[in-house]
Amino acid sequence: MPELPEVEVTRRHLAPAAVGRTVVRAVIVRARMARRNARPGDVAERLAGRRVLGMGRHGKFLVGELEGGLRWVMHLGMSGRIRIAGPAEPHDAHTNFWASMEGGREVRMVDPRTFGFVAVWTPEEWDASTMVDLGPDALDDLPPVGGLVGRLAGRTGPIKALLLDQRLLAGLGNIYADEVLARAGVHPARPAGSLSGAEVEAIHGAIGPVLAAGIQHGGTSLDDLAYLLPDGRAGEYLDRLRVYGRPGQPCFTCGAPIERIVVAQRSAHYCPSCQPR
DNA sequence: ACCTCCCTGGCC
DNA sequence: GGCCAGGGAGGT
């Protein structure tokens with residue numbers, strides 16, 4: 001399930017394959033993937049013949065800069081991944097979009113559940129999209145701890161729900177939110193406004209190291225292998241997760257069994273001893 | 001601040 | 001055969 005680290009790893013592979021190159025041809029295989037364009041046909045039409053000037057990321061969104069002020073936006077949703085391959089390599093199942101780049105290589109989007117999308121937006125369409133509601137990028141633009149304290153003050157919702165809210169901070173998903181709270185020693189269901197300054201500081205301080213470690217290990221490929229690196233390798237952060245996906249197994253710090261509860265309609269994993277309520 | 005929907009592979 | 005996983009949009 002691609003979150004900030006998986007998307008960043010993807011971006012680092014995608015950039016050299018795409019930046020400075022012209023899109024020769026783009027194909028939407030599954031119409032639903034282009035649903036975020038008012039006219040879905042615009043996606044392939046606008047990509048064709050355009051040079052990619054840059055490939056950035058905001059939270060979980062890949063954002064390519066195209067000639068003519070257009071932006072090429074991709075989100076991997078739950079089950080999506082980017083695959084970069086030679087044209088002769090067979091398409092993986094559920095290759096719902098592909099673009100052949102100048103030089104011959106193909107950028108392919110594989111996404112069985114089709115929660116992801118690919119869009120090409122004008123500046124006006126970008127401004128009308130939810131992209132402008134995204135909070136600062138959790139890795140590249142993490143606000144100082146004081147800013148976080150201010151935005152959590154008075155909030156009654158569980159801290160985990162706020163960490164997942166992309167309008168507050170962009171990039172954390174279910175895995176890394178659990179890992180950040182584990183590292184910070186904060187229970188996921190704690191009302192955000194009830195956290196002490198020291199606790200907010202611990203959360204703030206955990207975000208960078210958790211995300212950086214995820215990136216360093218190529219992201220988290222779960223057993224379903226829905227997420228893979230663009231070259232087909234699996235990310236290896238799974239082995240280093242402290243709490244996510246480990247219910248009933250011993251906490252690495254104290255040995256207490258990890259618990260799983262539901263917070264904000266999502267599974268939450270934590271150590272009941274290291275993260276007291 | 002909640003809830004529902006979208007979608008499919010994998011698992012019980 | 002049915003349920004679960006879940007990011008984000010849209011609704012109430």
Terminal axis angle for the helix from dA1(B)-dT12(C) to dC12(B)-dG1(C), five pairs an end, nearest 10 degrees: 50°

Give one of base, sugar-phosphate or nothing for Arg167(A), where a contact means two heavy atoms less than 4.0 Å apart. nothing

Want to settle it: does Arg266(A) or Pro158(A) sit nearer the 5' end of DNA chain B, counting the closest nucleotide to each? Pro158(A)

Below 4.0 Å: OP1/OP2 of dG6(C) and any side-chain N or O of Ser267(A): yes

Excluding sequence neighbours, so at least two apart, what forms salt bridge (charged side-chain N to carboxylate O under 4.0 Å, His left out) with Glu67(A)? none

Suppose we screen for side-chain hydrogen bond (donor to acceptor under 3.5 Å, both in side chains). Which residues come up paired with Asp111(A), at least two apart in sequence or across chains? Ser79(A)

Determine the contact category for Phe61(A): base if any of its heavy atoms lies under 4.0 Å from a base atom, sugar-phosphate if only primed atoms, P, OP1 or OP2 are that close, otherwise nothing. sugar-phosphate

Looking at dG8(C), I'd like to know if its phosphate oxygens (OP1 or OP2) sit under 4.0 Å from a side-chain N or O belonging to Gln166(A). yes

Is there a side-chain polar atom (N or O) of Gln265(A) under 4.0 Å from OP1 or OP2 of dC3(B)? yes

Could you pull out all donor-acceptor pairs under 3.5 Å where a side-chain atom in residues 59-66 of chain A meets a protein atom, sequence neighbours excluded?
residue	atom	partner	partner atom	Å
Lys60(A)	NZ	Leu172(A)	O	3.3

Test the Arg246(A)-Phe252(A) pair against the cation-pi criterion, namely NZ or CZ under 6.0 angstrom from the six-membered ring centroid and within 45° of the ring axis. yes

For residues 149-159 of chain A, which side-chain N or O atoms pair as donor and acceptor with protein atoms under 3.5 Å away, sequence neighbours left out?
residue	atom	partner	partner atom	Å
Arg151(A)	NH2	Arg167(A)	O	3.3

Gap between atoms CG and C1', on Asp133(A) and dG10(C) respectively (whole Å): 13 Å

Output one letter per nucleotide in nucleotides 6-12 of chain B: B when a protein non-hydrogen atom lies under 4.0 Å from the base, S when only the sugar-phosphate is that close, - when neither is. BBBS---

Contact list for residues 198-222 of chain A, test salt bridge (Lys or Arg N to Asp or Glu O under 4.0 Å), sequence neighbours left out: Arg190(A)-Glu199(A)

Side chain to side chain donor-acceptor pair (under 3.5 Å): pairs with one or both residues in residues 40-50 of chain A, sequence neighbours excluded: Arg39(A)-Asp42(A), Asp42(A)-Arg46(A), Arg46(A)-Glu125(A)

Side-chain polar contacts of residues 202-212 of chain A - donor-acceptor pairs under 3.5 angstrom, sequence neighbours left out - could you list them?
residue	atom	partner	partner atom	Å
His204(A)	NE2	Pro143(A)	O	2.7
His204(A)	NE2	Val145(A)	N	3.4

